[in-house]
Amino acid sequence: MFEITKRDGMARIGKFTTTSGRTIETPALLPVINPKIKTVTPRELYDEFGFGAMITNSYIIKNTPALKEEAQSKGLHEMLDYPGIIMTDSGTFQSHMYGEVELTNKEIVEFQRSIGTDIGTVLDIFTEPFWTKEQTAESIVETLKRTEEAVSLKGEMMINGVIQGSVFPDLREDCARKLAEMDIDVHPIGGVVPLMEQYRYSELVDVIVSSKMGLNPNRPVHLFGAGHPMILAFATLMGCDLFDSASYAKFAKDDRMMFIDGTFRLQDMQSLDCNCPACRGMTLETLKKTEKNERIRIIARHNLYQIKQELSLVKRYLREGRLWELAEVRCRAHPAMLDGLRKLREYQDFMERFDPISRESAIFYTGIETRGRPVFKRYDDRIMTRYIPPTKKAALFYGGQNKPYSRFFVSDFVNARRQGYTPVVISPFGPVPAELDEMYPIAQSMFPSIEDTDTENESDELSLAFLEKHFTEGVVNGSDLEPEYNGEPTDEEIKDNDTKRVWAVARYQFGIEAAEALLKGELTFRKSRKTGKIRNVFSDGEHVLSMRAGDGFFTLRMEGAKRIVENIPAPRMRVQVADDAVPFISQGRNAFCQFVTAVDEELVPMDEAIIVDKDDRPVGTGKMLLVKNEIFSMKKGIAVKTRTGSDEDKDE
Ligand code: GUN
Ligand code: ZN
């Protein structure tokens, strides 16, 4: 069972529970234990490092008589002295490394089940990147057949259904789609180790995203063989939930230490500047002089601490809605990873469907790749299609770091407007009409004041298209306007500007037709005495919307919801729930996935949604936590966080 508890775009924090009743929070990394060696004991992994899941190899156990017997008599958990989740692999990786393994799928699946593995693995066929497409496609047919067999044999054991397909995105997506139909519990993305070893990160991005496109969001995705701390933020960003690392031990044997910016040989290092519990108090000299076995142990433990620390950081950034930032920074560790990041931009459209309309944290620019985030694309799309200019003449302003613009350019904006111009600020996002300047992501973003040329060029290109489309009667530089009308806005002008802002934000957030329905009457506002910002919007005296101070977006009031339902056909902005849930939601309880019967597929996380019953009557309003296909595939979890139920009479 997998439940998403927090998300940032495609990345998620989840709670995964095995059939055996063991639970782990994802993203998680499973250290690989070689049952013959145990550089670090499973007990230490669990107690000291806090790794709640590990992975070991059932093929090695089965082929080692003493281990085989012990595992079958005691069970794997007792044999390894490990109370957490144990995943086992099947021997596929051995066949990739050493050629054919003498084993059938049925044998190894049944063996894994007999030793009490929590999650077993099919004997999939490792698709090598140098294979032809035909060869790859043929082997997938066999892998799928074996996976069906594994599912029929799994019993109480959970099963890994491995996505193969080498570097062919269409084969990956198709394989994932077929696996999504089967009763599988976890989806590893397989066959990626050579890509990572050869630094083919841009292909890795194709592989991960195309696999994700075919999968259901209700199962954790495991990136098989990825365990370097360097990749964790980026892979999590693309929606991977599980990772495994054998390198922590393998590297230790070769005196190689993992750090967030790469792996370094002990002999090449100039100093040991590490404060992890394994290295603390140790100099490079003492480590070099330490006896070989003890040194392996220290380095293995150091490597594990690096992984653990990075994973905690990934989760923190994810929770704060800042994972893009961390991933962009991490991808600077190697130019090949930067290729991966640049490649990811090609999937902006797909990613945008999962990208929240607003985040709690501001957007921090980290470099030219920042413009590749889906949040930019959404802004660009919506100002082109959902914006209606108040006048057809624009006055342009520059100086994008002074936000919100309308508070910085007070007098200039007054001057422009009195001459019939709409003020538009040219920013790294592209053009920002004055009416939208307090809204996420415009006001909640930080860019360096010295712009890079890529961002500048893109912004200029967008501005041109925007101005051409909306401002057909002329565009001037704000600084070229005669300053004769400069001054403070009158009360009437303030009211007029507020009205324009409310319309512009409502159109941007809900669409042009929905804004018409919401704002059709005479508008009045209640404003914050302290900040002067709009708080509540009344249309013909009815409270239809409230504006959030943090992101400048609206929350929907029940009255607003009713207007939309009356004027805009379903399923727009709706989440429809079954009758059993109605009494609870109308009292303000959340809408859970299992009660949802229909969803507008355009709704994105953090969007305002109207919860309706089967006859399209509004029963509440709230905030989307998941998107349509997630809601329908999840068995558990909150789909919409209800703000107000129809039986409540709360006024915020
Ligand atoms: N370990 C690393 N890659 C793979 C893979 O593709 N399949 C399996 N079963 N194990 C792996
Ligand atoms: Zn260390």
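First listed ligand is number 1; within each ligand, the first listed atom is number 1.
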Contact residues of ligand 1 (heavy atom under 4.0 Å), by chain and number: D89, S90, T92, F93, T121, D124, F126, Q164, G190, G191, V193, F224
Checking side-chain hydrogen bond (donor to acceptor under 3.5 Å, both in side chains) against D124, which of T92, T147, T143, N160 comes through? T92
Which label fits Y305 and F49: parallel for a plane angle under 30°, tilted from 30 to 60°, or perpendicular past 60°? tilted
Carboxylate-amine/guanidinium contact D206 R200, below 4.0 Å: no
Taking the N/O/S atoms of H302 one by one, which is nearest to the Zn ion (ligand 2)? ND1
Regarding E285 and K289, does a basic nitrogen lie under 4.0 Å from an acidic carboxylate oxygen? no
Does the distance from a Lys or Arg side-chain N to an Asp or Glu carboxylate O, for E173 and R177, drop under 4.0 Å? yes
Using a cut-off of 6.0 Å, state whether more than 12 heavy atoms not belonging to E601 lie near its atom CD. no
